[in-house]
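Below is one structure, written out as structure tokens; the observations come after it.
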Amino acid sequence: MDEILKLLRKFRDDRNWEQFHTPEALSKSILLEAAELLENYQFDHVETDIENVKEELADVMSYCLLLMDHYGLDFKEIMKNKIKKNEAKYPVSKAYGKSDKYNQL
């Protein structure tokens with residue numbers, strides 16, 4: 001993860017783009033890139049352009065990582081914490097095989 005963050009920072013800094021990477025702008029960019037990812041499935045195509053999916057996933061993840069970096073957040077820590085919270089909200093005994101929201105289980 002550190003290697004990827006270094007590459008992202010270098011790419012950004014070489015272009016003097018940090019000034020544009022406010023939390024608000026990064027959050028908007030995450031949403032915009034996620035919408036571009038969703039376009040791959042817009043018309044329920046049987047065939048998916050995996051190369052485009054990879055490109056859009058990389059864009060989403062890049063902006064997510066830059067936002068985490070902005071706040072000094074640790075990827076592993078926040079992911080582990082969220083998984084732990086989800087385990088409590090979605091116990092296997094209630095959620096197994098269901099897609100209901102936690103408050104509907």
Side-chain angles (χ1 to χ4, degrees):
M1 190 64 66
D2 289 337
E3 177 187 1
I4 299 300
L5 272 171
K6 285 178 187 175
L7 290 169
L8 283 170
R9 287 182 198 123
K10 181 175 179 357
F11 180 86
R12 176 198 65 200
D13 295 346
D14 285 351
R15 289 155 183 80
N16 192 29
W17 285 355
E18 186 173 10
Q19 62 184 316
F20 307 117
H21 287 183
T22 64
E24 179 183 3
L26 292 169
S27 296
K28 288 176 183 178
S29 296
I30 292 166
L31 182 60
L32 293 169
E33 295 299 340
E36 289 181 18
L37 174 62
L38 186 58
E39 280 183 317
N40 287 283
Y41 310 102
Q42 183 174 4
F43 298 111
D44 297 325
H45 293 294
V46 175
E47 304 238 353
T48 301
D49 182 350
I50 295 300
E51 289 306 311
N52 186 262
V53 169
K54 290 181 344 185
E55 291 279 327
E56 300 307 336
L57 278 171
D59 289 340
V60 171
M61 291 302 301
S62 294
Y63 286 120
C64 287
L65 290 171
L66 286 168
L67 184 58
M68 287 188 296
D69 189 51
H70 175 85
Y71 287 114
L73 303 174
D74 179 83
F75 173 78
K76 288 180 185 178
E77 181 184 327
I78 66 174
M79 290 304 298
K80 286 178 183 178
N81 288 340
K82 182 61 178 175
I83 291 167
K84 189 179 280 188
K85 284 182 181 181
N86 283 343
E87 286 173 340
K89 286 169 42 174
Y90 295 95
V92 173
S93 62
K94 291 183 178 182
Y96 188 84
K98 298 178 182 177
S99 62
D100 300 335
K101 192 169 179 176
Y102 67 92
N103 61 354
Q104 301 294 316
L105 291 173

Between N40 and L37, is there a donor-acceptor pair closer than 3.5 Å when you use the side chain of the first and the backbone of the second? yes
Could you tell me whether the side chain of Y63 reaches within less than 4.5 Å of the side chain of L31, counting heavy atoms only? no
If hydrophobic clusters are built from ILVMFWY residues whose side chains come within less than 4.5 Å, do V53 and I30 share one? no
Step by step, would you call D2 with F75 a side-chain contact (heavy atoms from CB on, under 4.5 Å)? CA-CA 10 Å; D2 289 337; F75 173 78; over 6 Å; no
Residue pair E3, K6: steps toward the salt bridge (charged side-chain N to carboxylate O under 4.0 Å, His left out) verdict: CA-CA 5 Å; E3 177 187 1; K6 285 178 187 175; over 6 Å; no
With heavy-atom distances below 4.5 Å as the criterion, would you say the side chains of L66 and H70 are in contact? no
Could you list all the side-chain hydrogen bond (donor to acceptor under 3.5 Å, both in side chains) pairs where at least one residue sits in residues 15-37, not counting sequence neighbours? E24-K28
Step by step, would you call M1 with L65 a side-chain contact (heavy atoms from CB on, under 4.5 Å)? CA-CA 9 Å; M1 190 64 66; L65 290 171; 3.5 Å; yes
What's the separation between atom NZ in K54 and atom CD in E51, rounded to the nearest 0.5 Å? 3.5 Å
Can you hop from I78 to L5 via hydrophobic side chains spaced under 4.5 Å? yes
Do M79 and M68 sit in one hydrophobic cluster, given that two such residues count as connected whenever their side-chain heavy atoms are within less than 4.5 Å of each other, even indirectly? yes
When every non-hydrogen atom of A25 is compared with those of F20, the smallest separation belongs to CB-O, 3.3 Å
Which pairs with one or both residues in residues 96-105 pass side-chain hydrogen bond (donor to acceptor under 3.5 Å, both in side chains), sequence neighbours excluded? none
If you group Ile, Leu, Val, Met, Phe, Trp and Tyr by side-chain heavy-atom gaps below 4.5 Å, do V60 and L38 land in one group? no
Any salt bridge (Lys or Arg N to Asp or Glu O under 4.0 Å) pairs touching residues 71-85, not counting sequence neighbours? none
Measure across L105 and K94 and return the closest heavy-atom pair with its distance rounded to 0.1 Å. CD2-O, 3.6 Å
Spacing of C64 atom SG and L8 atom CG [to the nearest 0.5 Å]: 11.0 Å
Between L67 and L73, is there a shared hydrophobic cluster once you connect ILVMFWY residues whose side-chain heavy atoms come closer than 4.5 Å? yes
